[in-house]
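Okay, so here's the structure we're looking at.
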Number of protein chains: 2
Amino acid sequence: MGISERKERQKTELRQQILEASQTIVVQDGFAALTMRKIAEAIEYAPATIYLYFENRDEIAKQICIHGYQELLDYLHPVAAISDPRDRLLAIAEAYIRFGMNHAETYRLIFMADPKFTNAILKDAPIDDSGGPGSPAFHVLIKLLDDLKAQDQLAANADSLHFAQVLWTALHGIVSLKLTCSGFLTASAEGLGTTMTHTFLAGLPKNS
Amino acid sequence: MGISERKERQKTELRQQILEASQTIVVQDGFAALTMRKIAEAIEYAPATIYLYFENRDEIAKQICIHGYQELLDYLHPVAAISDPRDRLLAIAEAYIRFGMNHAETYRLIFMADPKFTNAILKDAPIDDSGGPGSPAFHVLIKLLDDLKAQDQLAANADSLHFAQVLWTALHGIVSLKLTCSGFLTASAEGLGTTMTHTFLAGLPKNS
DNA sequence: GTCTATAGGCTGATAGAC
DNA sequence: GTCTATCAGCCTATAGAC
C-alpha cells in the first residue's frame with residue numbers, strides 16, 4: 001500500500017499548493033484576479049493540470065471561502081470564551097472587525113460577493129437558536145445575546161436570534177463600508193466598533 | 001443658431017438614451033452585465049457610436065452612480081423634513097433601507113463595488129460637519145444627530161459626526177448583508193431596521 | 001500525470017470607409 | 001455621425017499528444 005499512499009499524498013500536496021497559490025492571489029489582488037492561468041503560473045504547471053485537481057474555478061473559490069470562514073472562527077474562538085457577556089460583546093466586535101480589516105479580500109469574497117460562495121459555507125448552517133449544526137460563528141452571537149438576557153441586559157421576552165442578527169448587520173456594516181468607502185468614513189473601524197457596541201448595549205450616550 | 005441648437009439637442013438625446021439603456025441593464029442584470037455591446041444593441045446603434053458620447057464604460061458607470069445617488073436623495077428628502085428627531089430617525093432608516101432593497105443593483109454599484117465609483121460621487125463631498133458643499137445625504141444624518149443632541153437624546157459633548165457614521169454603517173450593514181446573504185438573515189430588512197433604530201436610541205430593551 | 005494547442009467565448013476600444 | 005471590421009486582450013475549459 002506504500003506506493004498508492006505516496007501517490008495519494010502527492011495528489012493532496014499539489015491540491016494544497018493550488019489552494020495556497022489561489023489564496024495568495026485573492027489576498028493580493030482580489031477575487032476578480034483569480035484566473036486559472038495565474039494559478040497555473042504560480043504553481044508552475046500548465047492551466048489544464050489544475051482541472052485534474054479541481055472541477056472548476058468555482059470549486060477553488062468555494063474552498064478559499066471555507067478556509068477564510070475557518071480563519072474567522074479562529075478569531076472568534078478565544079473571545080467567545082470570555083465569561084462576562086458585556087466584555088465578551090466588546091471583544092467579539094473587536095475580533096470580527098479585526099478579521100475583516102486584516103483579511104479584506106477574503107471578507108469581500110465571503111460576505112460581499114456572489115451569494116453562491118456564502119451559501120456554500122452556510123448552507124448546512126441555517127440560522128436558528130436550536131444549538132444544532134448551524135453556523136458556529138452565528139451561534140457565538142446568539143449565545144452572547146442569551147447570556148446578556150440571563151444578566152438582565154436584554155429583556156426576557158426579546159428574541160435573541162433577532163438581536164443577534166441586528167448585531168451581525170451592524171458589525172458587517174462597519175467592515176464592509178470601511179472596505180468600500182474608507183475615504184468617507186473618517187472614523188477608524190475600531191473606533192466605530194467601540195461606539196457601536198456601547199450604543200448597542202445602552203443607546204446613545206446622554207448628558208450625565 | 002437654430003441648426004446647431006437642434007444638433008446639440010439631438011446629441012444630448014442620444015446621450016440620454018444611452019444612459020437609460022445602461023441603467024436598465026444594470027437594474028436587471030447587475031453591473032457586471034453592463035457591456036458596450038449590450039448597450040449598443042439596446043439603443044440599436046453600433047458599439048463604436050457609444051464612444052462618441054462617452055469616453056469609456058467607466059464614464060457611463062459613473063453617471064449611473066450619480067443618478068442613483070440622486071434617487072437616494074429623493075428617498076431621503078421628504079423624511080429629512082420631519083421635525084421630531086426621534087421620528088425622523090425612524091423614517092430615515094426606513095427610507096434608506098427601502099431605497100437599498102428597491103434599487104438593489106444600483107445600491108451594489110454605489111456602495112458595494114469598486115470604490116472609484118463611490119468616490120466619483122462623494123469626492124467633492126468630504127464628510128465633515130461644516131455644512132459646506134459636502135455630501136447632502138450624509139448631512140441629513142449629521143443634522144439628525146445634532147437635533148437629537150439639542151433634545152438631550154445625545155450627550156452635548158458627543159461627536160455628531162462620529163455617531164452619524166455609526167448610524168450609516170448600521171443601516172448599510174442591514175442593506176448590504178440582506179442583498180448578499182438574504183437566505184441567512186431570516187429577519188426582514190424592515191424589521192432589522194426598526195430594531196436597529198430603537199436600539200440605537202435606547203440600547204437593548206430591558207425587563208420593565 | 002502533464003503537457004501543448006486550441007476551441008469558443010467574452011471584453012473594451014479604435015482605424016478607417018462611407 | 002455612424003458604420004464595419006478588427007485589434008489585442010482576456011477568460012474557462014477540453015481534446016489529444018506524449
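We use all heavy atoms of the structure for the numbers below, so side chains are in, but hydrogens, waters and symmetry mates are not. Below, chain A is the first sequence line, B the second, and so on; all start at residue 1.
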Report summary line: Taken to the nearest 0.5 Å, the spacing of B:Ile92 CD1 from B:Ile82 CD1 works out to 7.5 Å
Query - Minimum-distance nucleotide (side-chain atoms of B:Leu52 versus D:dT14, D:dT4, D:dG1) - result: D:dG1
Report summary line: Taken to the nearest whole Å, NZ/A:Lys38 to C1'/D:dC11 is 11 Å
Requested in this report: Starting at atom CG of A:Leu34, determine the distance to atom P of D:dC11, rounded to an integer number of angstrom.
Outcome: 10 Å
Query raised in the report: For the pair made of CD1 in B:Ile18 and P in D:dG1, what is the distance, rounded to whole Å?
Result: 13 Å
**Report entry** Closest to the A:Ala48 side chain, choosing from C:dA13, C:dT14, C:dT4
**Finding:** C:dT4
**Report entry** Note: A:Arg98-A:Glu94 ion pair, threshold 4.0 Å (strictly below)
**Finding:** yes
Report task. By nearest nucleotide on DNA chain D, pick out whichever of B:Pro47 and B:Lys11 is the more 5' one. Result -> B:Lys11
Query raised in the report: Between atom CD in B:Glu44 and atom P in D:dC3, what is the gap in whole Å?
Result: 10 Å
Query raised in the report: Is any NZ, NE, NH1 or NH2 atom of the basic residue among A:Asp29 and A:Lys38 found under 4.0 Å from an Asp or Glu carboxylate oxygen of the other?
Result: no
Query raised in the report: Counting just side-chain N and O atoms, does B:Thr35 come under 4.0 Å of either OP1 or OP2 of C:dT11?
Result: yes
Query - Of the listed nucleotides D:dA13, C:dC3, D:dC3, the one nearest the side chain of B:Ala46 - result: D:dC3
Query raised in the report: To the side chain of A:Asn56, which of C:dT2, C:dG12, D:dA13 is closest?
Result: D:dA13
Query raised in the report: Ring centroid separation for B:Phe99 and B:His103, is it under 6.0 angstrom?
Result: yes
Report summary line: To the nearest angstrom, the CD1-P distance between A:Ile50 and D:dC11 comes to 12 Å
Report task. Considering just the side-chain nitrogens and oxygens of B:Tyr53, establish if one lies under 4.0 Å of OP1 or OP2 belonging to D:dG1. Result -> no
Requested in this report: Name the nucleic acid region contacted by A:Ile60, choosing base, sugar-phosphate or nothing; use a 4.0 angstrom heavy-atom cut-off, strictly under.
Outcome: nothing
Query raised in the report: Taking atom C1' of C:dA13 as reference, at what distance in whole Å does atom CD of B:Glu59 sit?
Result: 14 Å
Query raised in the report: Whole-Å distance between D:dC10 C1' and B:Met36 CE?
Result: 17 Å
Report summary line: Among the nucleotides D:dT4, D:dT2, C:dG12, whichever has the atom closest to the side chain of B:Thr49 is D:dT2
Query raised in the report: For the atom pair CD (B:Glu8) and CD (B:Gln10), what is the distance rounded to the nearest 0.5 Å?
Result: 10.5 Å
Query raised in the report: Within this structure, what is the OH-to-P distance between A:Tyr51 and C:dG1, rounded to whole angstrom?
Result: 19 Å
